[in-house]
Amino acid sequence: MRIDAIELHRVGMPLVRPFETSFGVQTAREVLLIRVRSDAGDGWGECVAGSEPFYSSEYVDGAAHVIEHYLAPTLLHAPDVTAASVARQLGFVAGHRMAKAALEAAVLDAELRAAGRSFGEYFGATVEWVGCGVSVGIAPSIDELLAEVSGYVAEGYKRIKLKIKPGWDLEPVARVRELLGPDGLLQVDANTAYTLADAEHLKRLDPFDLLLIEQPFDEEDIASHAALAQVIETPVCLDESILSAAIAVDAIERGATSIVNIKAGRVGGYLEALRVHDICRELSVPVWCGGMLETGIGRAANVALAALPGFTLPGDTSASARYFADDLTEPFVLGTGEHAGQLRVPTGPGTGVEVDEAFVADRALSPHRTLRG
Ligand code: SMG
Ligand code: MG
């Protein structure tokens, strides 16, 4: 396709409750949306960068800047763009994977809408519904944590993930394990809050039979994760460290991760996410779909990705209502009966969801920018 224009929209999405991680408290998401307008039609992509560079070095203002000054001009001047060509065309820019991923997703949405194909079909989805977990932030007290977890269990979520940090780990995990009983699926995520000096402390999580511990150490520190995996029973799972399929293979081979969290934004796009999935499957390493508090646009694509056969653990693919009172597409709602705790994989063309443009305009944090060739 030829891309005629690329629009940058910034939307403020208040959260239904504050979300606290080891790196801070978030009360709203500042979402950067990309719309590509092409001769084949339009497509939307969601950038998962946060307002501030705390989860990763990427952040919304940085992503918008690199898109406006480097990435978008390249695509606007290219004679032909396909989702499969985007990563190569943008490869001259180092890093900025979340920005690149948003553009690639928008191009893919346009391409698949034009072809009448869904993300799920294109990815190779093998199921119509995916099992969902929920990520639970650090709470003001244990009682509030237990009340929040009980609510999610009642809603049907199949797995609980607790955010942990030094001072908020053994006690909340013990109490939530007690609440869930021995069969409840439970895991923890430290978002890099520990160092290898904490290995003996983290070993004290072993009796709680966790599915995994996610990213205890620095993004760059593969070696310490491998060392930890030698001394604890709980499987180690990398999130922030996994920036590509090649890094995933390296981390697996070094024994630093025995389960992989896949986030398309973090690896530079859904096509690289597919490669991470494929190689992990070849290596018999289970994967699950991470989340970045996406609106319906990103959530739709994540749910389609999570429908691939290697995604054998419930993902952070929660219902829209977990984060937002109103979504900017039709909301994702957990199923009932045999589909309790599951989300249905959209089957319509592209992401399969419709963006409520009036809503996007209404919640705009600034006038949208339109870039042309
Ligand atoms: O979308 O449910 C979601 C968020 C899941 O915990 C979640 N994401 O490290 O995995 C992670 C975090 C990153 C975002 S924290 C602002
Ligand atoms: Mg994580």
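Whatever order the structure lists them in is the order used to number ligands and atoms, beginning at 1. Position 1 is the first residue of the sequence; numbering continues from there. Quantities reported herein were computed from a predicted structural model and do not represent experimental measurements.
- Given atom 4 (C) of ligand 1, the protein heavy atom at minimum distance is Y323 OH, 3.2 Å.
- Here the N, O or S atom of D189 that is nearest to the Mg ion (ligand 2) is OD2.
- Put simply, the residue from D239, D169, D189 that forms a salt bridge (Lys or Arg N to Asp or Glu O under 4.0 Å) with K163 is D189.
- Side-chain contact between E20 and P140 is absent, with no heavy atoms from C-beta onward closer than 4.5 Å.
- Taking a cut-off of under 4.0 Å to the non-hydrogen atoms of F19, the atoms of ligand 1 that pass are 6 (O), 15 (S).
- Distance from atom 6 (O) of ligand 1 to its nearest protein heavy atom, with residue and atom name: S135 OG, 2.7 Å.
- Listed by first and then second residue, the ring pair (Phe, Tyr, Trp, His ring centres under 6.0 Å) pairs that reach into residues 210-234 are F217-H225, sequence neighbours excluded.
- Remark: the backbone N or O of Y270 is paired with a side-chain donor or acceptor of E104 at under 3.5 angstrom.
- Closest protein heavy atom to atom 1 (O) of ligand 1: L293 N, 2.7 Å.
- A heavy-atom separation below 4.0 Å is not found between Q215 and ligand 1.
- Listed by first and then second residue, the salt bridge (charged side-chain N to carboxylate O under 4.0 Å, His left out) pairs involving residues 107-122 are D109-R113, R113-E354, R117-E121 (not counting sequence neighbours).
- Close approach to Q26 involves these atoms of ligand 1, each under 4.0 Å from a residue heavy atom: 16 (C).
- Within the 3.5 Å criterion, the main-chain N or O of S224 finds a donor-acceptor partner in the side chain of D221.
- In terms of distance to the Mg ion (ligand 2), the nearest N, O or S atom of E214 is named OE2.
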